[in-house]
Amino acid sequence: MNGTIIDVPGVKVGHAQNEEALTGCSVIILEQPSVCGVDVRGSAPGTRETDLLDPVNLVNAVHAICLSGGSAYGLDAATGVMQYLEEQGIGLEVGYGVVPIVPAAVLFDLAVGDYRIRPDRAMGFEAAAAANREDCAQGNVGAGTGASVGKLNGFDHAMKSGVGTASISLPNGLVVGALVAVNAVGHVVEPQTGEILAGPRDEEGQIQDSVEMMKARAFSPNPPGTNTTIAVVASNATFTKAEAKKVAQMAHDGLARTIRPIHTMFDGDTIFAVATGGIETSVDLVGTLSADVLAEAVIRAVKSAEAAGGLPSHSSIHK
């Protein structure tokens, strides 16, 4: 156990990024086809294969999940993940080879680095090939390479964020983990103390409260589609697609505890919930723990990020 999502049996993670262009993607590879649900609460989402995850639809299991930067362009990275899985013979048997099922979600990082370079098929393949159960990097990696938070005072006054991950295990063998790329319009707060860890800065560089700024201005000037927090929560529970979807819904509470505001018209917040199977347990327990580990993962995403693209980070400000 290393306190990351790869503690969950059957889950591997790989990252790939372009550190000059400041963009990347993160891939969760499932060692066995696994039940998956999704819940989208932001109003500017960029997603792929989410309709397939509706409990009334046919396919019951997925083979991987791709989280990517690059806005809608970044959805191309999932094609590279499919290519990698097909080469391994992994996918849904259709009688004419296999079709890997790879849901995906993207965030907007075009304002950081070189917007002309986005995660593509080659980068998705690279991230999938790098997936492992030994190490799960955090900070400026994968989908978090160009992630930022606190945009309500203009992008030049935002702060750098990244990828974070966390997990928890119980004596009965249940393991719940989360992986998140935090790219919110709002600020990130430590729930226990109320401290704002990263957010919009004023002209003197002081971090401000996004909600108080919205109240003072009576409107939000940020253009839509320039943000989005995307995440995967995973457990080794045995669930149906409907139960996995409920876990995804409950996991959003972890974002609500740590990001303010959340689920805005300017965010495309999306959470996938994966159940790899093996442990009989309740949806309420896994949903509650998923919110807890996702909140911790958000905090780690901000604290592990490094300054980049002209944006300071929590670590660079609090040296």
Side-chain angles (χ1 to χ4, degrees), residues 15 17-26 42 44-46 67-74 105-115 117-119 138-164 179-189 196-203 205-211 213-214 220-231 255 258-270 297-318:
H15 300 296
Q17 56 275 328
N18 184 315
E19 295 180 2
E20 293 183 2
L22 292 177
T23 193
C25 64
S26 300
L67 306 180
S68 180
S71 189
Y73 292 109
V106 296
L107 55 80
F108 186 102
D109 59 2
L110 302 182
V112 182
D114 188 343
Y115 71 90
I117 298 175
R118 285 90 59 160
Q138 302 183 76
N140 296 19
V141 296
T145 304
S148 56
V149 296
K151 325 282 177 56
L152 287 179
N153 206 25
F155 185 79
D156 290 343
H157 295 85
M159 289 182 64
K160 189 70 182 68
S161 182
V163 160
L179 178 81
V180 62
V182 182
N183 193 55
V185 64
H187 64 263
V188 175
V189 62
I196 298 177
L197 303 176
R201 296 169 295 124
D202 61 19
E203 297 302 325
Q206 298 299 308
I207 302 174
Q208 304 297 300
D209 186 312
S210 302
V211 177
M213 291 176 64
M214 292 174 68
S220 178
N222 204 65
T226 56
N227 305 287
T228 299
T229 295
I230 48 181
L255 301 185
T258 52
I259 301 173
R260 298 198 67 205
I262 191 65
H263 306 145
T264 73
M265 297 298 294
F266 314 119
D267 292 290
D269 306 319
T270 300
V298 170
I299 299 304
R300 292 184 181 183
V302 167
K303 288 188 173 181
S304 60
E306 298 177 358
L311 300 179
S313 65
H314 175 84
S315 60
S316 68
I317 290 177
H318 297 86

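Since the structure is predicted, the reported quantities are computational estimates derived from the model, not experimental observations.
Contact detail for Ala147 and Asn183: the closest heavy-atom pair is CA-OD1, 3.3 Å. When all heavy atoms are compared, the tightest approach of Ile207 to Met159 is CD1-SD, 3.6 Å. Residues Gly144 and Ala181 approach most closely at N-CB, 4.3 Å, considering heavy atoms.
Within the 4.5 Å cutoff, no side-chain heavy atoms of Val180 are placed close to those of Val163. Counting heavy atoms from C-beta on, the side chains of Asp209 and Ile196 come closer than 4.5 Å.
Note that OH of Tyr73 is 13.5 Å distant from OG of Ser68, once rounded to the nearest 0.5 Å. Expressed to the nearest 0.5 Å, how far CD1 of Ile230 lies from CG of Asp269 amounts to 10.0 Å. Taken from OG in Ser26 to NE2 in His15, the straight-line distance is 4.5 Å, to the nearest 0.5 Å. Atom CG in Leu152 sits 13.5 Å away from atom CZ in Arg201 (nearest 0.5 Å). For the atom pair Asn153 CG and Asp202 CG, the distance stands at 7.5 Å (nearest 0.5 Å).
A donor-acceptor contact shorter than 3.5 Å is absent between the side chain of Ser71 and the backbone of Phe108. When atom types are taken as modelled, the side chain of Ser161 and the backbone of Val182 share a donor-acceptor pair closer than 3.5 angstrom. In this structure, Asn227 contributes its side chain and Phe266 its backbone to a donor-acceptor pair below 3.5 Å. Under a 3.5 Å cut-off, the side chain of Ser316 and the backbone N or O of Pro312 do not form any donor-acceptor pair.
Residues satisfying the side-chain hydrogen bond (donor to acceptor under 3.5 Å, both in side chains) test with Thr229, not counting sequence neighbours, are none.
A donor atom on one side chain and an acceptor atom on the other are not found under 3.5 Å apart for Asn140 and Glu306.
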Please step through side-chain hydrogen bond (donor to acceptor under 3.5 Å, both in side chains) for the pair His187 and Gln208, ending with a clear verdict.
-> CA-CA 8 Å; His187 64 263; Gln208 304 297 300; over 6 Å; no
